[in-house]
*Asks:* 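If you scroll down you'll find the structure; I have some questions about it.
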Amino acid sequence: MGEVLLWSFQPAARVAELHATGQLVGAWEYVPSGLSIPEAYGAMVAAMERAGLSTQGRPPVWTWGGSCGVAVEDAHMLVGDPPWEGYVTLEFSAPAELVLASDYGVWNDYLYNLADGVDPVPRWDVPTPIADKLVQVCLPFMRAEWVREVRPLPRSPDEVTDRAARA
């Protein structure tokens, strides 16, 4: 099926774990506890199971794809503003058969509905092609040998995550 170019924002300590063990898996202690996020992550785990991608009950490794690159505004939105200290950008290629891509905007609508007490139908799990827009991608795990580059988070508007956009 090929490979998909992706990136992820991870704490440097998790990157050290990736290099030490050869694999990074999701861990519930890293999932934020507010705004019904654990419940939503559980729904993502269930969607991955339905797609044949077992996380073994762990949250997915959350990553991003698309040829648009990630600018400083995206990093602030996805990691915090100002960007959390100690986080890095991992650029890597993952096997396409391990990818569950979905629309980030629809996912956020789902989160807001959960937070508002609305019982939303999770329509975010409709497969989304990785193209010219920011697409969230969940993986059951990440392997160290997939990593192409580790670099600091983008901190100024001229820094982007996508290597092709930087060239």
*Asks:* So, taking the atom named CG in L18 and the one named CZ in R143, what distance separates them when rounded to the nearest 0.5 Å?
*Replies:*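 Between L18 CG and R143 CZ, I get 10.5 Å after rounding to 0.5 Å.
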*Asks:* Suppose we screen for side-chain contact (heavy atoms from CB on, under 4.5 Å). Which residues come up paired with A16, at least two apart in sequence or across chains?
*Replies:*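 A16: no side-chain contact (heavy atoms from CB on, under 4.5 Å) contacts found.
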*Asks:* So, for Y110 and A43, which heavy atoms are closest and what is the spacing to 0.1 Å?
*Replies:*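 The answer is OH-CB, 3.2 Å.
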*Asks:* Checking F141 against L98 for the side-chain contact (heavy atoms from CB on, under 4.5 Å) test, could you report, in this order, the C-alpha distance in whole Å, the side-chain angles of both residues, the deciding distance, and whether it holds?
*Replies:* CA-CA 9 Å; F141 55 86; L98 294 179; 3.6 Å; yes
*Asks:* Testing the basics here: between H19 and A144, what is the closest heavy-atom pair and its distance to 0.1 Å?
*Replies:*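 So the minimum-distance heavy-atom pair works out to ND1-CB, 4.4 Å.
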*Asks:* For the residue pair V45 and R58, what are the closest heavy atoms and their distance?
*Replies:*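 Smallest interatomic distance, heavy atoms only, reads CG2-O, 3.2 Å.
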*Asks:* Please identify each residue that fulfils ring pair (Phe, Tyr, Trp, His ring centres under 6.0 Å) with Y41, with sequence neighbours left out.
*Replies:*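 With sequence neighbours excluded, Y41 shows a ring pair (Phe, Tyr, Trp, His ring centres under 6.0 Å) to W62, given in chain and number order.
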*Asks:* To the closest 0.5 Å, what do you measure between CG (L6) and CE (M142)?
*Replies:*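 The CE atom of M142 is 8.0 Å from CG of L6, to the nearest 0.5 Å.
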*Asks:* Taking the side chain as every heavy atom from C-beta outward, state whether Y87 and P11 have any pair of such atoms under 4.5 Å apart.
*Replies:*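 Result yes, sub-4.5 Å side-chain heavy-atom pair found.
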*Asks:* Less than 4.5 Å apart, side chain to side chain, heavy atoms only: is that true for Q10 and V61?
*Replies:*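 Contact flag for Q10/V61 side chains = yes.
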*Asks:* Return the minimal non-hydrogen interatomic distance between F9 and W64, and the atom names on each side.
*Replies:*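 Closest approach of F9 to W64, heavy atoms only: CD1-NE1, 4.4 Å.
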*Asks:* Rounded at 0.5 Å granularity, tell me how far CD in Q23 sits from CD in E145.
*Replies:*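 The CD atom of E145 is 9.0 Å from CD of Q23, to the nearest 0.5 Å.
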*Asks:* Could you tell me the separation between the CD atom of E49 and the OG atom of S54, rounded to the nearest 0.5 Å?
*Replies:*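 Nearest 0.5 Å value for the CD-OG distance: 4.0 Å.
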*Asks:* Using side-chain contact (heavy atoms from CB on, under 4.5 Å), reason through L139 and F92 one step at a time and then give a plain yes or no.
*Replies:* CA-CA 12 Å; L139 300 168; F92 64 100; 3.6 Å; yes
*Asks:* If you compare all heavy atoms of T55 against all heavy atoms of P60, which two are closest, and at what distance to 0.1 Å?
*Replies:*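 Taking every non-hydrogen atom into account, CG2-CA, 4.3 Å.
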*Asks:* Nearest 0.5 angstrom please: D109 CG to L114 CG, how far?
*Replies:*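 That separation rounds to 11.5 Å.
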*Asks:* If the condition is side-chain hydrogen bond (donor to acceptor under 3.5 Å, both in side chains), which residues does E3 pass it with, not counting sequence neighbours?
*Replies:*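 Residues passing side-chain hydrogen bond (donor to acceptor under 3.5 Å, both in side chains) with E3: none at all.
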*Asks:* For a quick test of reading the model, state the closest non-hydrogen atom pair linking T63 to S8 and the distance between them.
*Replies:*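 Smallest interatomic distance, heavy atoms only, reads CG2-CB, 3.8 Å.
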